[in-house]
Amino acid sequence: MAAELAHEIGPNPDKPVIVFLHGGGWTGWAWDRQVAALSDFHCVTVDLPGSGASAHLPWRSLDETADRVARLISEIADTQQVHLVGLSVGGDVALRVLGRNAARIESAFISGIVTSKVTGIPRAVQWVASLMAGTRVFQRLAANSMGLTGDRREEFLSTVPRFARSSYTRMVRDVFDGVSLDGLAVCTVPTLVIAGENEPPLAAESARHVSRVMPDAVATIADGVGHAWNIEAPGLFNSAVDAWITRREVTAGLSPARGSRCHG
């Protein structure tokens, strides 16, 4: 069996489990604002292959990463079901968990995904970024984009392994080729799929796409925010997570995505 993913486990083992999957160029540290606010849950933050304390694990594919996440869930939650929260690359990985190993997932909250191929300038920008992966400059950019400040930022820069360039390059390729929706048509996990209002149109198109494939998925737009809204608007993000996984409600500040399938 392949080596498992590095992760941090919160202090509330008797409470419902949320597993957080971060975006590209980030680590589990990106969820600081969620872990602090969602104290009624047992929060588990994961470092995906090639990132953070999992930098030594090669990124091979979205499906292989999803299988690693599924094994980790089985390890940390025993027979309990968990809630899955994924943003950007983490959202794509979460979709593949749902498509391949949904039995242990009670609900899912997914944002900023890509379900069709990305070309042109956005892909070129990420290719350039991949050339910097593994450098101290990239590490500083990651700390800045995750909103780390003060001692927390310095701890990240001094203790967290640098991103693996080869893994980052393969991850970008996989994500920008569009995540597969195989297996989702028969997945009945309640899933909220969100795009930030200020994200490129492909994010909303992808959310609508998933809602038309999955029988229990709802597509929404997070009003007035961009891609990294867990950091940009943590209050809205946290309330949206809490409302969905505890009551299956869409909180104020999220609007229906036009063109998505209606759910009663």
*Rounded to the nearest 0.5 Å, how far does CD1 of Ile113 lie from CG of Asp92?*
6.5 Å
_Side-chain heavy atoms nearer than 4.5 Å, only ILVMFWY residues, links allowed to pass through others: does that put Ile221 and Phe109 together?_
no
_I'd like to know if Val210 and Val93 are part of one continuous hydrophobic network [Ile/Leu/Val/Met/Phe/Trp/Tyr, side-chain heavy atoms within less than 4.5 Å]._
yes
*Heavy atoms from other residues, nucleotides or ligands near CD of Glu232 exceed 12 (cutoff 6.0 Å)*: yes
_Rounded distance (nearest 0.5 Å) linking atom CG of Asp174 with atom CD of Glu64_ = 10.5 Å
*Using modelled atom types only, decide if a donor and an acceptor are shared between the side chain of Ser206 and the backbone of Thr115 within a distance under 3.5 Å.*
yes
_Pair Phe20 and Trp31, ring centroids less than 6.0 Å apart_ = yes
*Looking only at atom types and distance, does a side-chain atom of Asp47 sit under 3.5 Å from a main-chain N or O of Ala53, one as donor and one as acceptor?*
yes
*Give the C-alpha distance, both sets of side-chain angles, the deciding distance and a yes or no for side-chain contact (heavy atoms from CB on, under 4.5 Å) between Thr45 and Trp29.*
CA-CA 8 Å; Thr45 58; Trp29 292 47; over 6 Å; no
*Do Ser54 side-chain atoms and Leu57 backbone N/O form a donor-acceptor pair below 3.5 Å?*
no
*Rounded to the nearest 0.5 Å, what separation is found between the CG atom of Leu254 and the CG atom of Leu192?*
6.0 Å
_Can you confirm whether Pro58 sits close enough to Arg170 that some side-chain heavy atom of one is under 4.5 Å from a side-chain heavy atom of the other?_
yes
*Looking only at atom types and distance, does a side-chain atom of Gln34 sit under 3.5 Å from a main-chain N or O of Cys43, one as donor and one as acceptor?*
no
*asked:* Taking salt bridge (Lys or Arg N to Asp or Glu O under 4.0 Å) as the cut-off, I'd like each qualifying pair that reaches into residues 236-247, sequence neighbours left out, listed once.
replied: Asp242-Arg247, Arg247-Glu249
_Test your reading of the model: is there a side-chain donor-acceptor pair from Asn12 to the backbone of Ser39, 3.5 Å cut-off?_
yes
*Are a donor atom and an acceptor atom from the side chains of Asn101 and Arg71 found within less than 3.5 Å of each other?*
no
*Closest heavy-atom contact between Phe163 and Ala142?*
CE1-CB, 3.7 Å
*Write down the atom of Val114, the atom of Val175, and the distance for their closest heavy-atom approach.*
CG1-O, 3.9 Å
*Treat each ILVMFWY residue as a node, draw an edge where side-chain heavy atoms are under 4.5 Å apart, and state whether Val241 and Trp229 are in one component.*
yes
*asked:* Give me each pair satisfying salt bridge (Lys or Arg N to Asp or Glu O under 4.0 Å) with a member in residues 103-119, each pair once, sequence neighbours excluded.
replied: Glu106-Arg248
_Between OG on residue Ser255 and CD1 on residue Ile194, distance to nearest 0.5 Å_ = 12.0 Å
_Any heavy-atom pair between the side chains of Leu62 and Leu95 that's under 4.5 Å?_
no
*Are side-chain heavy atoms of Arg165 and Thr135 found at a separation under 4.5 Å?*
yes
*Looking only at heavy atoms, which two atoms of Thr191 and Met214 are closest? And how far apart?*
OG1-CE, 3.4 Å
*Which pair of heavy atoms, one from Gln139 and one from Phe156, lies closest together, and at what distance?*
O-CE2, 3.6 Å
_Any non-hydrogen side-chain atom of His209 less than 4.5 Å from a side-chain atom of Glu205?_
no
*According to a 4.5 Å side-chain heavy-atom criterion applied to Ile, Leu, Val, Met, Phe, Trp and Tyr, with indirect links allowed, do Trp59 and Val69 form part of one hydrophobic cluster?*
yes
*Nearest-0.5 Å distance, CE of residue Met171 to OG of residue Ser88*: 7.5 Å
*Would you indicate whether the side-chain heavy atoms of Phe237 and Arg33 approach each other to under 4.5 Å?*
no
_Minimal non-hydrogen separation, Leu87 against Ala228, with atom names_ = CD2-CA, 4.4 Å
*Under 4.5 Å between any side-chain heavy atoms of Ser116 and Leu202, yes or no?*
yes
*Any side-chain heavy-atom pair from Ile9 and His7 closer than 4.5 angstrom?*
yes
*Check whether any side-chain heavy atom of Ile105 sits under 4.5 Å from a side-chain heavy atom of Val82, and report yes or no.*
yes
*Show your reasoning for whether side-chain contact (heavy atoms from CB on, under 4.5 Å) applies to Leu48 and Trp26.*
CA-CA 9 Å; Leu48 297 176; Trp26 284 1; over 6 Å; no
_Using 0.5 Å steps for rounding, measure from the OG1 atom of Thr246 to the NE2 atom of His83._
8.5 Å
_To check you understand the geometry: which heavy-atom pair defines the closest contact between Ala30 and Asn230, and what is its length?_
O-ND2, 3.2 Å
_Quick one: does any side-chain atom of Asp216 pair with a main-chain N or O of Val189 as donor and acceptor, under 3.5 Å?_
no
*Sequence neighbours left out, what pairs pass salt bridge (Lys or Arg N to Asp or Glu O under 4.0 Å) with at least one residue falling in residues 176-199?*
Arg123-Asp177
*Would Trp244 and Ser107 count as having a side-chain donor-acceptor pair, cut-off 3.5 Å?*
no
*For side-chain contact (heavy atoms from CB on, under 4.5 Å), just list the numbers for Arg60 and Arg68, CA-CA rounded to whole Å, side-chain angles, deciding distance to a tenth of an Å, and then say yes or no.*
CA-CA 11 Å; Arg60 294 193 175 96; Arg68 287 184 183 273; 3.4 Å; yes
*Could you walk me through whether Arg96 and Thr65 pass the side-chain contact (heavy atoms from CB on, under 4.5 Å) test, one step at a time?*
CA-CA 9 Å; Arg96 297 312 304 137; Thr65 301; over 6 Å; no
*If two hydrophobic side chains count as joined below 4.5 Å and joins carry through other members, does Ile76 share a cluster with Leu21?*
yes
